[in-house]
Amino acid sequence: MAVYALTGFSLVSLLSFGYLSWDWMKPSLVTDVSMDPMEKSLPPAFSKPPHIIFILTDDQGYHDIGYHDSDIQTPMLDRLAAEGVKLENYYIQPICTPSRSQLITGRYQIHTGLQHSIIRPRQPNCLPLDQITLPQKLQEAGYSTHMVGKWHLGFYKKECLPTRRGFDTFLGSLTGNVDYYTYDNCDGPGVCGYDLHEGENVAWDQSGKYSTFLYAQRVSKILATHNPKEPIFIYVAFQAVHTPLQSPKEYIYRYRSMGNVARRKYAAMVTCMDEAVRNITWALKKYGYYDNSVIVFSTDNGGQTFSGGSNWPLRGRKGTYWEGGVRGIGFVHSPLIKRKRRTSWALVHITDWYPTLVTLAGGNVSEAEGLDGYNVWPAISEGKDSPRTEILHNIDPLYNHAKHGSLKGGFGIWNTAVQASIRVREWKLLTGDPGYSDWIPPQMLTNFPGSWWNLERLTDSVRKSVWLFNITADPYERDDLSDQRPDVVRALLKRLAHYNRTAIPVRYPAENPRAHPDFNGGAWGPWASEEEAEDWEGGGGLLRNKNKKKKCKICKLRSFFRKLNTRLMSNRI
């Protein structure tokens, strides 16, 4: 096994910017919320349902937060984490839709049919309607529920929309990748449409506002108009820091010394998002929510290293089952935590938030059969052992099978050509093709952008289909133990086979041309009627729409003027 030597590892801390000294009370560019001085007091008794603010960031890498010795400034996130509980054994999914689906349902992908890829804009697919969602359970417990940000759980019919899945209000995008100012999203050449929605309507009037600003301002408005004596749940799914790499110039200027342009823009977006979180926290204090609140911060998957993100020193990147793809940034900040200011190594997975938050809310999860998540609040708040001992990262039967995998190679228990990964206590097993497997060190020399691509490579890994690591002792996955410990490999293959027997068929339908924004007024949104949806769901193929609309003749002209107006507004701002 040939491994290129690492250089400059000790320089990481020297490249940090001293974010902890930054004045977090300084007025922000995100919103005009101000905070009145508040007297310090003892945390209140946990005697009533807490307000819950769940913040999910998009594509933020493990290395891309200040307290992980990053070169990116995140003073507010650092402060919230330091005063709360940092989750350093916290796992998410490698891509967008799976993480969001598991957060909302408390179930693994194999139990919702979403185990392959993401939900694409033109697919007649969405989070299964028979799933009882987290916000629905919180509504049952008496909560007001609100969502701000990126949905990415399907929208082909109205029943799939956030407002039909448990949220009282919604402001955000339905697809997975929109422009931060114009809110346009292209799903291939010429297949472009507007994607910003207020409730179930297209929010044309919000075009031109930077999404991170817009979403933080909306959260503040919700808090200002709600009664703090009544419990509230706000799910803030920032678009940041997913591509396209866009940020107001004043944030980019702070990182002008960075030699890598993508990293510079990416860092600016992270810091802008950090300020948005600061202003949300201000609003919680100003309007009387904070003392009885729980703030959860989570990333949705690993960072995309070729778009400015960094997962160093973890292996791999977004879209892979290496730790760089599935180990996330996570922390909980709350006056209700009994043991604050500490780091927790309790094993926690994104599916655990469903039963944890429902239990905190005084709801009932015993009726929700088949949950894969656990209530981890005692582990977070009191430092008790986590009830979780294993995580199924995923089993994807549709992903390209590894050339060198076989049922024989899996002791007749499991076809090792299939992409899958599982962790049981300290052991992690990967089979098939787990994805891009290099380690990518952080930028070392500001005047040599090419140094960003100083990679470590395992040149013989392409011929393998089974890997085994002791993640507790080897969190960076450098020492493959599959040959030395066939007994552990065999045991974990049996667990994969066990989970696979509980899997439901993959939901990954063909794209339908009826979804084109030109047939829907120039915007992405629900496009299948009830009859159409039933025809597709019964036939298992493309929708046969007898009354297919002709292509909108004025859509292109309307789109031109909308983009022109957006550009003028953007320049004015």
Side-chain angles (χ1 to χ4, degrees), residues 49-58 87 90-93 96-114 119 126-155 159-172 174 219 222 226 230-238 293-301 328 330 332 334 336 348-377 380 387-388 391:
H51 306 298
I52 301 171
I53 310 299
F54 195 103
I55 300 172
L56 187 72
T57 60
D58 200 343
L87 305 177
Y90 174 58
Y91 287 86
I92 48 181
Q93 295 306 111
C96 301
T97 295
S99 280
R100 292 158 207 275
S101 70
Q102 296 195 35
L103 166 65
I104 292 294
T105 68
R107 290 170 170 81
Y108 289 142
Q109 296 163 252
I110 63 167
H111 296 145
T112 59
L114 300 175
I119 295 178
C126 72
L127 187 72
L129 299 178
D130 60 352
Q131 297 288 327
I132 300 175
T133 67
L134 172 60
Q136 287 172 333
K137 295 295 291 185
L138 294 176
Q139 282 181 333
E140 292 176 5
Y143 276 67
S144 172
T145 59
H146 306 268
M147 179 179 174
V148 180
K150 173 178 168 179
W151 177 238
H152 209 184
L153 289 174
F155 58 87
E159 285 70 21
C160 301
L161 297 176
T163 48
R164 307 288 179 101
R165 305 312 303 272
F167 290 104
D168 296 328
T169 68
F170 169 66
L171 173 68
L174 300 173
V219 174
I222 292 171
H226 183 76
E230 301 295 329
I232 190 171
F233 169 60
I234 306 180
Y235 171 36
V236 190
F238 282 113
S293 69
V294 174
I295 302 172
V296 180
F297 181 89
S298 170
T299 51
D300 71 335
N301 48 246
V332 181
S334 172
L336 306 174
V348 179
H349 185 248
I350 195 167
T351 54
D352 297 330
W353 296 121
Y354 185 110
T356 300
L357 299 181
V358 172
T359 300
L360 285 180
N364 186 358
V365 293
S366 62
E367 298 176 359
E369 297 180 359
L371 286 183
D372 295 306
Y374 296 84
N375 176 13
V376 294
W377 184 252
I380 294 171
R388 177 177 289 282
I391 296 172

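We're numbering straight along the sequence, starting at 1.
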Donor-acceptor pair, [X] side chain versus [Y] backbone, under 3.5 Å?
X	Y	answer
T112	Q109	yes
Q136	T133	yes
K137	N364	yes
T97	I119	yes
T145	G166	yes
W353	T356	no
D58	F238	no
R165	P135	no

Please round to the nearest 0.5 Å and tell me the distance separating atom [atom1] of [X] and atom [atom2] of [Y].
X	Y	atom1	atom2	answer
H51	L360	NE2	CG	13.0 Å
N301	T57	CG	OG1	9.0 Å
R100	L56	CZ	CG	5.0 Å
I53	S334	CD1	OG	11.0 Å
L138	L357	CG	CG	7.0 Å
Q93	T351	CD	OG1	8.0 Å

Note to self: Once you measure the plane-to-plane angle for F233 and F167, does it fall in the parallel (<30°), tilted (30-60°) or perpendicular (>60°) bin?
What the structure shows: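 Parallel: the ring planes of F233 and F167 meet at under 30°.
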
Next item on the list: On the 0 to 90° scale, with breaks at 30° and 60°, tag the Y108-H111 ring pair as parallel, tilted or perpendicular.
Entry: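 The arrangement is tilted - the two ring planes meet at 30° to 60°.
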
Of all the heavy-atom pairs spanning [X] and [Y], show the shortest one and how long it is.
X	Y	result
V365	P355	CG1-CA, 4.0 Å
P387	Y374	CG-CB, 3.6 Å
P50	L336	CB-CD1, 3.6 Å

Next item on the list: Please check if any side-chain donor atom of Q139 sits under 3.5 Å from a side-chain acceptor atom of D168, or the reverse.
Entry: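 A pair is found: one side chain offers a donor N or O, the other an acceptor, under 3.5 Å apart.
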
Notebook entry, point to check: Is a side-chain donor-acceptor pair under 3.5 Å present for S298 with Y90?
Noted result: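 Indeed, the side chains of Y90 and S298 share at least one donor-acceptor pair under 3.5 Å.
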
